[in-house]
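Here is the structure we will look at, set down as structure tokens.
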2 protein chains.
Amino acid sequence: MAERISEAEQAVMETLWNEAPLTAQEVADRVAPDRGWSLNTVKTLLGRLLAKEAVAHEEDGRRYLYRPRLEREAFAHGESRRLVDRLFGGRVSPLVAHLAERDELSDQDIAEIEALLKALRS
Amino acid sequence: MAERISEAEQAVMETLWNEAPLTAQEVADRVAPDRGWSLNTVKTLLGRLLAKEAVAHEEDGRRYLYRPRLEREAFAHGESRRLVDRLFGGRVSPLVAHLAERDELSDQDIAEIEALLKALRS
DNA sequence: GCGTAACGACTACATCCGTGATCGTTGAGG
DNA sequence: CCTCAACGATCACGGATGTAGTCGTTACGC
């Protein structure tokens, strides 16, 4: 477990996080507008995700229904940690400081984060 | 430009961000303790970074001196944006919210971020 | 019943990445 | 001078990734 999920694979996961269970065909339909993949490509990706135990499938007659096994929360967490570790010495505040310096924070962001932190502290 | 820098390549960049210019040999020496790469491996990575225009080299007699061309700031920025875009719909506050929920923020982090934001707002 | 369309399984193949070995040249020490 | 060690350049190679084609089976429409 804990295999890395590639970017293409993530697109498939997003679809399943949105709606599950789905057949391979349905995943392909949902993903097509953005990526324009063939059905075969989607099936390959689903197969790889199965091997990585990131999705599960159950039989539904002649075909499979896929559903996520890895939760979006856990995935987002892993990826965030990796970034913070690789670039900011494992500390979160330098990341926020960085984004702040780059003017990547809207007033709304600032307000939201402040509210969050206030809640945390109490 | 704007080619993706792989993880191994980043290790080389870190070395050059710390100290430059350096010869391939010197980079290998600095990187060896952590990764244990052969000199050849380091040369290959430097070559790929050259092709990606992430480093520059100038001749120094029979060998080259390498120095970063891509700045660490810019790299960190790109990677951070990619993460925020891919996982949090391009907004920073959900990322912070996520880390907060996961108890990834120390009291010190919270204090630092609050100070940062206060400075930003005024 | 029979053809065919839909499925999953397997195969393919170019590119990138991690890791390194080999080759050709050349400067420096004896 | 001649050898050899240091360099850069080029090639290698297995695994991951992006993208898709082919093969064998089977349920359903006519």
Quick one: salt bridge (Lys or Arg N to Asp or Glu O under 4.0 Å) pairs with a partner in residues 33-51 of chain A, sequence neighbours left out? none

Pair A:Arg63 + A:Glu26, salt bridge at N-O below 4.0 Å: no

Nearest whole Å is fine: how far is D:dG15 C1' from A:Glu3 CD? 12 Å

Which residues pass the side-chain hydrogen bond (donor to acceptor under 3.5 Å, both in side chains) test with B:Arg67, sequence neighbours left out? B:Glu58

Roughly how many Å is it from CG in B:Leu46 to P in D:dG8, rounded to a whole number? 9 Å

Strand-adjacent residues in residues 75-87 of chain B, judged by heavy atoms under 4.0 Å from DNA chain D: none

Give every residue pair that meets the ring pair (Phe, Tyr, Trp, His ring centres under 6.0 Å) criterion with at least one member in residues 36-57 of chain A, sequence neighbours excluded. A:His57-A:Tyr64, A:His57-A:Tyr66

Atom pair distance, as rounded to whole Å: NE2 in A:His57 and P in C:dC7: 15 Å

Between CZ of B:Arg63 and C1' of C:dG27 the distance, given in whole Å, is 12 Å

Please determine if a side-chain N or O atom of B:Gln25 lies less than 4.0 Å away from the OP1 or OP2 oxygen of D:dA6. no

Per the salt bridge (Lys or Arg N to Asp or Glu O under 4.0 Å) rule, what does the pair list look like for residues 107-122 of chain A, sequence neighbours excluded? A:Asp109-B:Arg91, A:Glu112-B:Arg91, A:Glu114-B:Arg121, A:Arg121-B:Glu114

Quick test of your reading: applying ring pair (Phe, Tyr, Trp, His ring centres under 6.0 Å), list the pairs with at least one residue in residues 93-122 of chain A, sequence neighbours left out, ordered by first then second residue. A:Phe88-A:His98, A:His98-B:His77

Return the set of residues passing side-chain contact (heavy atoms from CB on, under 4.5 Å) with A:Val96 (not counting sequence neighbours), or none when no residue passes. A:Val92, B:Val96, B:Ile113

When you check every protein heavy atom under 4.0 Å of nucleotides 21-28 of chain D, what one-letter string (B, S, -) results, 5' to 3'? BB--BBS-

Residues at least two apart in sequence or cross-chain that pass side-chain hydrogen bond (donor to acceptor under 3.5 Å, both in side chains) with B:Arg81, listed by chain then number, are A:Glu104, B:Asp85

5' priority, DNA chain D, between B:Thr23 and A:Leu45 [closest heavy atom]: B:Thr23

Below 4.0 angstrom from OP1 or OP2 of C:dA9, is there any side-chain N or O of A:Tyr64? yes

Looking at B:Ala100 and A:Leu120, what are the two nearest heavy atoms and their distance? CB-CD1, 3.7 Å

For the pair made of CG in B:Asp29 and C1' in D:dA6, what is the distance, rounded to whole Å? 13 Å

Distance in angstrom units between A:Leu65 CG and C:dC7 P, rounded: 11 Å

side-chain hydrogen bond (donor to acceptor under 3.5 Å, both in side chains) against A:Glu101, all qualifying residues, sequence neighbours excluded: none

Interface polar pairs with nucleotides 13-17 of chain C, N/O, under 3.5 angstrom:
from   : atom 1 : to      : atom 2 : distance (Å)
C:dC17 : OP2    : B:Lys52 : NZ     : 3.3

Once side-chain hydrogen bond (donor to acceptor under 3.5 Å, both in side chains) is applied, do any residues pair with A:Glu71, and if so which ones, sequence neighbours excluded? none

